[in-house]
Number of protein chains: 2
Amino acid sequence: MAAKVPRKNNGRSRGATTIAQVAAEAGVSPATVSRVMNDRFVGEDKIAERVRETAVRLNYAPSYSARSLALGQTQAVAFVAPDLRNPAFQAILSGLSTTANEDGYRVLIGDSAESVSEEPLLAREIRRRCDALVLCAPRMPDHELVDLASTLHPMVLVNRSAAGAAPALTVDYRTGIESLLKHLYELGHRHIAYVGGPTHSMSDKYRRDGLQSFTAQNADLAVTEVPGGVASEDGFNAVDAVISTKATGVLAFNDLVAIGLLGGLQERNVRVPEEISVAGFDDIPFARYIAPPLTTASVPHEELGVQAWYRLRSLIEGKEPGHDMVFQPRVEIRASTAVRRPD
Amino acid sequence: MAAKVPRKNNGRSRGATTIAQVAAEAGVSPATVSRVMNDRFVGEDKIAERVRETAVRLNYAPSYSARSLALGQTQAVAFVAPDLRNPAFQAILSGLSTTANEDGYRVLIGDSAESVSEEPLLAREIRRRCDALVLCAPRMPDHELVDLASTLHPMVLVNRSAAGAAPALTVDYRTGIESLLKHLYELGHRHIAYVGGPTHSMSDKYRRDGLQSFTAQNADLAVTEVPGGVASEDGFNAVDAVISTKATGVLAFNDLVAIGLLGGLQERNVRVPEEISVAGFDDIPFARYIAPPLTTASVPHEELGVQAWYRLRSLIEGKEPGHDMVFQPRVEIRASTAVRRPD
DNA sequence: GACCTGCAAGAAAGCGCTTTCTCAGAGTCT
DNA sequence: AGACTCTGAGAAAGCGCTTTCTTGCAGGTC
């Protein structure tokens, strides 16, 4: 009968050099190798040197999985947003990723696509794979958001707040759109169409609040809402509805929608801004290059991502995350809006 | 003296329910819980039911780290690109991410930013965190690419090939730009400027090859190269150089550069396409909306991402990755190019 | 020289899973 | 009834690290 030999490598061979191999080769214990690799070694320099030399010779690199298990942390964070194809979210991601990388953290992405109902599940699932989460969930119902925020710590919210359950980085859409509306008002426009965002999304609600607030103060101003969406095609599809309102100015939910709108208007030979003024929101990088350059409210998306990381990092380190921040959009006046022409 | 009690939980408490707790609570062994959770259980239904019930009651979810270590795989893949702010790469990422998600894989992102030299390190580092890698590295020297490809398996290359060392999904930039050049030629342009991409990038080299090939066949055509880059500002900065070539048509390295160029041209009151025709490359979503709508060569970036996932998946499963694919750009003629006006 | 101190390095436990191995007990066959 | 095969479920090893605990040994003190 065969001698009972301890099963090694669990039957599978994974190939990569392990800490044990380095230890054996260098004639030390795995503990020593670990300490050397993590700069916690306090013994003789010769030993450390030998370990280091052996490690590079054997092409050793510690296993992330093993390390994660032992340490209880993954050195990764997640970013969940409803639509990664939107340049605004990409900018946030870019800011987050770049900054997190500097601290040795990588980011995992989660695109909740269209499905609002799947969002909490996705957030939970992806959160379990890493150490923290940045969540953009404009359409998630408040109670679910609070629920998530209280269970998924550490996490930071972008564009939403959850009653203090998690640090929040928000944008003052309300004031932003109010400024845009004021801009149009000052240009003489008295009838304005608003091509809205997704129904039930908070980012849309804030905008409506802003519009309402300004309208309430100016009796001679009328704002008509037109169903829109988040993407260029939504703007494109809203063109007829916009034209039929006879409004002389249009505010779009975001730049993407505004751009689609511009495309549709042009197709129908409606001149912008001569016949109708159009403004977007976000100031995505292309807003200034389209025809005509788009008046919009600039939001510092990259900065939002950067700040999100700083807060996450504090939270991971068990420190205070710092105060919540509310970013104020800045109106960028470009050529897509102009003084209202007499009819 | 205190009785020697085995140290539990390594001193730290991580809070989450473990498989052992579920097992204890359900009165079974951890092995059984594991089997039930992974649908490998073959025993009595009552037991399975009890385990499942206990698991949801205790809010149990297996630890990804532990699972990764035991299984030797992470259910994640990485995407490394030189600039995640470029819509073209974002589209690839989007296609990759969406498709991978359907198979339960998440994607980790790596932005190699400007630094070509750091790219191999980044790729290696991030690759060790997951099961496979999609690499876009237009500027990496061939030998390094081959080196990487042979050591980082499974991986797939996008926009580059490495002598069969890894599956490659490429775009026929050469033919693409040749078609664009032909388009301008047919419009009567005989002197064309090419605002190039990053020096030493393969994607730029392919384009130059295409230009040269067409130029060689048409003696009455002159193409002047102008240094450019990858971003809109590079195009913007190239404006004076372009104007001074006196070319009547311009081909830009990509849409971003073309858009910047358009912006700069407009600022100097040079009308497009009346005075000069401009074409880009990639057909990013905004290309059709800018002013004037940009003639460009359309590349199916999302599809590239989708195909990248399919190949990665095959590789992960130990299957054949399928044939390499070369995507053919399709010329999209829009308003930024027009017949050359007599001087 | 016995005793204590301090320090360098190893032994081993633990992280939370998966999976092989093992072994009762039930069922089958002659 | 005894031998034999299944089969269901648990024991335990293993994944590759980190870190606590332990120990051997050199140097210092009285």
message = My understanding is that only residues two or more places apart in sequence, or in another chain, count here; which of them pass side-chain contact (heavy atoms from CB on, under 4.5 Å) with Glu320(A)?
response =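 By the side-chain contact (heavy atoms from CB on, under 4.5 Å) rule, Glu320(A) matches no residue at all.
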
My understanding is that only residues two or more places apart in sequence, or in another chain, count here; which of them pass side-chain contact (heavy atoms from CB on, under 4.5 Å) with Ser203(A)?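 If we apply the side-chain contact (heavy atoms from CB on, under 4.5 Å) test to Ser203(A), skipping adjacent residues, the hits are Pro138(A), Tyr173(A), Ser201(A), Arg207(A), Phe253(A).
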
Could you tell me the separation between the [atom1] atom of [X] and the [atom2] atom of [N], rounded to a whole number of Å?
X	N	atom1	atom2	value
Ile19(B)	dA11(D)	CD1	P	14 Å
Met37(B)	dT18(C)	CE	P	9 Å
Lys46(B)	dA9(D)	NZ	P	12 Å
Arg67(B)	dG14(D)	CZ	C1'	16 Å
Leu69(B)	dA13(D)	CG	C1'	13 Å
Gln75(B)	dT18(C)	CD	P	12 Å
Tyr64(A)	dT18(D)	OH	P	11 Å

Flag the pair [X] and [Y] as a salt bridge only when some basic side-chain nitrogen lies within less than 4.0 angstrom of an acidic carboxylate oxygen.
X	Y	result
Glu317(A)	Lys319(A)	yes
Asp142(B)	Arg160(B)	yes
Arg106(A)	Glu125(B)	yes

Does [X] have a side-chain nitrogen or oxygen under 4.0 Å from the phosphate oxygens OP1 or OP2 of [N]?
X	N	value
Ser34(B)	dT18(C)	yes
Tyr60(A)	dC17(D)	yes
Arg40(A)	dT18(D)	no

For this session: Give the C-alpha distance, both sets of side-chain angles, the deciding distance and a yes or no for side-chain contact (heavy atoms from CB on, under 4.5 Å) between Val22(A) and Glu25(A).
Result: CA-CA 5 Å; Val22(A) 176; Glu25(A) 179 80 11; 5.8 Å; no

Just checking, Arg129(A) and Tyr64(B): is the charged tip under 6.0 Å from the six-membered ring centre and within 45° of the axis?
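The answer is yes; both the distance and angle limits are met.
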
Report task. State which of dC17(D), dT18(C), dT19(D) makes the closest approach to the side chain of Asn38(B). Result ->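 Looking only at heavy atoms from C-beta outward on Asn38(B), the closest nucleotide is dT18(C).
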
Fill in: Given dT19(C), dG16(C), dC17(D), the nucleotide with the shortest approach to the side chain of Leu71(B)
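Of the candidates, dT19(C) comes closest.
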
Report, one pair per line, the protein and nucleotides 8-10 of chain C atoms (nitrogen or oxygen only) whose separation is under 3.5 Å.
residue	atom	partner	partner atom	Å
dA9(C)	OP2	Glu44(A)	N	3.0
dG10(C)	OP2	Ser29(A)	N	3.1
dG10(C)	OP2	Ser29(A)	OG	3.2
dG10(C)	OP2	Thr32(A)	OG1	2.5
dG10(C)	N7	Arg35(A)	NH2	2.9
dG10(C)	O6	Arg35(A)	NH2	3.3

